[in-house]
Visitor: 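This is the structure I have questions about; it appears just below.
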Amino acid sequence: MLRLVEDMTGDHPARPCLVLANDPDAEGLAKAATLGVLTAAIDHRAYKGDRAAFEAALLGRLEAAAPDILCLAGFMRVLTAPFVNGWKGRMLNIHPSLLPKYRGLHTHARALEAGDAEHGCTVHEVTAELDDGPILGQARVPVKAGDTPDDLAARVLTMEHRLYPAVLRRFAGNDRTPLLLG
Ligand SMILES: Nc1nc2c(c(=O)[nH]1)N[C@@H](CN(C=O)c1ccc(C(=O)N[C@@H](CCC(=O)O)C(=O)O)cc1)CN2
Ligand SMILES: NCC(=O)N[C@@H]1O[C@H](COP(=O)([O-])[O-])[C@@H](O)[C@H]1O
């Protein structure tokens with residue numbers, strides 16, 4: 001997330017208007033504030049599994065900021081179809097695998113368990129179907145002998161921090177040509 005904020009300067013067609021977290025303790029909130037970006041947090045745990053109520057609170061805060069594009073980064077809640085459909089074509093996510101492989105969670109461990117020679121990350125449009133939207137960019141990294149899930153996550157994260165800003169810069173400029181790195 002911070003790499004997106006840091007990249008939105010100069011001739012970038014977008015500017016950050018709000019960093020909104022579902023965890024009040026998210027480290028990115030304080031760092032985004034030091035970069036001058038408005039921040040807020042709505043703790044999903046306060047809604048005790050009522051996804052519609054949690055998302056209604058998200059929407060209320062988002063309406064005040066009126067963003068053109070939502071960028072999910074480490075947002076670990078599955079969003080309902082009504083919420084997603086309200087942002088159709090305007091919401092992105094970065095997922096730590098080469099989709100369509102390994103939708104969902106624990107992607108690095110799953111790639112290692114499968115014995116994959118390469119792994120990576122994907123930026124995609126968010127749809128109601130989990131990790132299934134149109135792909136806007138991918139970056140590949142090698143899997144190395146002896147890698148642990150944390151080793152692989154760190155190698156992927158380095159590419160995520162390159163891929164997501166580059167894809168957002170294109171997307172905000174109305175260019176949806178898929179970007180391939182690595
Ligand atoms: N409708 C959609 N919602 C979300 C999407 C999407 O494509 N469509 N992307 C995810 C991001 N994500 C993977 O990139 C992801 C996040 C969370 C989960 C998940 O299983 N969450 C559990 C809780 C897990 C936890 O709290 O640790 C849940 O919501 O019950 C899967 C994939 C964001 N949302
Ligand atoms: N399923 C969603 C998921 O696992 N998202 C992951 O959260 C991190 C956010 O990085 P950041 O805090 O540097 O933006 C990234 O590694 C991204 O793949």
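Read the numbers this way: they start at 1 and go in the same order the structure lists the ligands and their atoms.
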Visitor: Please report the closest heavy-atom contact between A41 and L29, naming both atoms and the distance.
Guide: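 Nearest pair, atom of A41 first, then L29: CB-CD1, 4.0 Å.
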Visitor: With the threshold set at under 4.0 angstrom, would you say R3 reaches ligand 2 through any of its heavy atoms?
Guide: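 It does not, in that no heavy atom of R3 comes within the 4.0 Å cut-off of ligand 2.
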Visitor: Examine E160 against ligand 2 and note whether any of their N/O atoms are separated by less than 3.5 Å.
Guide: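 By distance alone, the answer is yes.
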Visitor: At less than 4.0 angstrom from any non-hydrogen atom of T127, what atoms of ligand 1 do you find?
Guide: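 Selected atoms, number and element: 1 (N), 2 (C), 6 (C), 8 (N).
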Visitor: Using the rule side chain to side chain contact (heavy atoms under 4.5 Å, CB included), only one of L168, N93, I94, L72 pairs with V123; which is it?
Guide: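 Result for side chain to side chain contact (heavy atoms under 4.5 Å, CB included) with V123: I94.
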Visitor: Give me the atom names and distance for the closest heavy-atom approach of R103 to D131.
Guide: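 Heavy-atom minimum between the residues: NE-O, 3.0 Å.
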Visitor: Output, in order, the C-alpha distance, side-chain angles, deciding distance and verdict of side chain to side chain contact (heavy atoms under 4.5 Å, CB included) for D11 and R169.
Guide: CA-CA 9 Å; D11 64 353; R169 191 177 277 263; 3.0 Å; yes
Visitor: Out of all atoms in ligand 1, which are within 4.0 Å of some heavy atom of F75? Include the element for each.
Guide: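 Those qualifying, in numeric order: 11 (C), 16 (C), 33 (C).
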Visitor: Atom 8 (N) of ligand 1: protein heavy atom closer than 4.0 Å?
Guide: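 Yes; the ligand atom in question has protein heavy-atom contact below 4.0 Å.
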Visitor: Between R51 and E55, does any side-chain N to carboxylate O distance fall below 4.0 Å?
Guide: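 Judged by the 4.0 Å cut-off on N to carboxylate O distance, R51 and E55 do not form a salt bridge.
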Visitor: Have a look at K31, E27, M76 and point out the one with the heavy atom closest to atom 1 (N) of ligand 2.
Guide: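 Selected option, by shortest heavy-atom distance: M76.
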Visitor: With heavy-atom distances below 4.0 Å as the criterion, list the atoms of ligand 1 near V84.
Guide: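 Selected atoms, number and element: 1 (N).
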Visitor: Do L157 and H161 come close enough that some side-chain heavy atom pair is under 4.5 Å?
Guide: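 Yes, close enough: below the 4.5 Å cut-off.
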Visitor: Can you check whether V78 has an N/O within less than 3.5 Å of an N/O in ligand 1?
Guide: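 The answer is yes, given that V78 and ligand 1 share an N or O pair closer than 3.5 Å.
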Visitor: Only heavy atoms of H95, strictly under 4.0 Å: list the atoms of ligand 1 that pass.
Guide: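 Under 4.0 Å from H95, ligand 1 has these atoms: 13 (C), 14 (O).
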Visitor: Nearest protein heavy-atom contact for atom 12 (N) of ligand 1: which residue, which atom, what distance?
Guide: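 Ranked first by proximity to atom 12 (N) of ligand 1 is D131 OD1, 3.7 Å.
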Visitor: For ligand 2, indicate whether the residue L4 contacts it via side chain, backbone, both or neither (heavy-atom separation under 4.0 Å).
Guide: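 It is neither; nothing of L4 touches ligand 2.
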Visitor: Please report which non-hydrogen protein atom sits nearest to atom 34 (N) of ligand 1, along with the residue it belongs to and the distance in Å to one decimal place.
Guide: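 Looking only at protein heavy atoms, the one closest to atom 34 (N) of ligand 1 is R77 O, 2.8 Å.
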Visitor: Between F75 and M1, is any pair of side-chain heavy atoms under 4.5 Å apart?
Guide: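 A side-chain contact is absent here, since even the closest heavy-atom pair is not under 4.5 Å.
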Visitor: May I have the step-by-step check of side chain to side chain donor-acceptor pair (under 3.5 Å) for T148 and D150, ending in yes or no?
Guide: CA-CA 5 Å; T148 65; D150 286 348; 5.3 Å; no
Visitor: Checking side-chain hydrogen bond (donor to acceptor under 3.5 Å, both in side chains) against Y102, which of T107, D116, T122 comes through?
Guide: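 Considering T107, D116, T122, a side-chain hydrogen bond (donor to acceptor under 3.5 Å, both in side chains) with Y102 is found only for D116.
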Visitor: Give yes or no for whether the N/O distance cutoff of 3.5 Å, strictly under, is met between A128 and ligand 1.
Guide: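 For ligand 1, there is an N or O atom that lies under 3.5 Å from one belonging to A128.
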Visitor: At less than 4.0 angstrom from any non-hydrogen atom of R51, what atoms of ligand 1 do you find?
Guide: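 Near R51, the atoms of ligand 1 are 28 (C), 29 (O), 30 (O).
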Visitor: May I ask you to list the atoms of ligand 2 that are less than 4.0 angstrom from any heavy atom of M1?
Guide: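 Counting atoms of ligand 2 from 1, those under 4.0 Å from M1 are 11 (P), 13 (O), 14 (O).
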Visitor: Quick one: look up the protein heavy atom nearest atom 10 (O) of ligand 2 and list residue, atom name and how far away it is.
Guide: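 For atom 10 (O) of ligand 2, the nearest protein heavy atom is L157 CD1, 4.0 Å.
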Visitor: At what distance is the nearest protein heavy atom to atom 1 (N) of ligand 1, and which residue and atom is it?
Guide: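 Protein heavy atom at minimum distance: L79 O, 2.9 Å.
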Visitor: Ignoring hydrogens and angles, tell me if any N or O in the side chain of R170 forms a donor-acceptor pair with the backbone of G137 under 3.5 Å.
Guide: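 Judged by distance alone, no pair lies under 3.5 Å.
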Visitor: With a 4.0 Å cut-off on heavy atoms, is H124 touching ligand 1?
Guide: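 True for this residue.
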Visitor: Please indicate whether any nitrogen or oxygen in N93 is less than 3.5 Å from any nitrogen or oxygen in ligand 1.
Guide: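 Indeed, backbone or side chain, N93 has an N or O that close.
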Visitor: Considering L99, D23, L130, L92 one by one, which has a heavy atom nearer to atom 4 (C) of ligand 1 than any of the others?
Guide: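 Selected option, by shortest heavy-atom distance: L130.
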Visitor: May I ask you to identify the nearest protein heavy atom to atom 13 (O) of ligand 2, giving residue, atom name and distance to one decimal place in Å?
Guide: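 Of every protein heavy atom, H161 NE2, 2.8 Å lies nearest to atom 13 (O) of ligand 2.
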Visitor: Heavy atoms, side chains only, cut-off 4.5 Å: are V84 and E125 in contact?
Guide: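 Heavy-atom side-chain distance check fails, nothing below 4.5 Å.
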Visitor: Check each atom of ligand 2 against the heavy atoms of G74 and keep those under 4.0 Å away; list them by number with element.
Guide: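 Contacts of ligand 2 toward G74, numbered from 1: 5 (N), 7 (O), 9 (C).
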Visitor: In the structure I gave you, are the side-chain heavy atoms of P96 and H119 within less than 4.5 Å of one another anywhere?
Guide: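 Counting from C-beta outward, P96 and H119 never come under 4.5 Å.
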Visitor: For the residue pair I42 and Y47, establish whether any side-chain heavy-atom pair is separated by less than 4.5 Å.
Guide: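 Answer yes - side chains close enough.
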Visitor: Please confirm whether M76 comes within less than 3.5 Å of ligand 1 when only nitrogen or oxygen atoms on both sides are compared.
Guide: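 In this structure, M76 places an N or O atom under 3.5 Å from an N or O of ligand 1.
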Visitor: Which is closest to atom 31 (C) of ligand 1 by heavy-atom distance: T80, T122, L105, N85?
Guide: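 The nearest heavy atom belongs to L105.
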Visitor: Please determine whether side chain to side chain contact (heavy atoms under 4.5 Å, CB included) holds for the pair N22 and F54, giving the CA-CA distance in whole Å, both sets of side-chain angles, and the decisive distance to 0.1 Å.
Guide: CA-CA 9 Å; N22 66 294; F54 168 57; 3.7 Å; yes
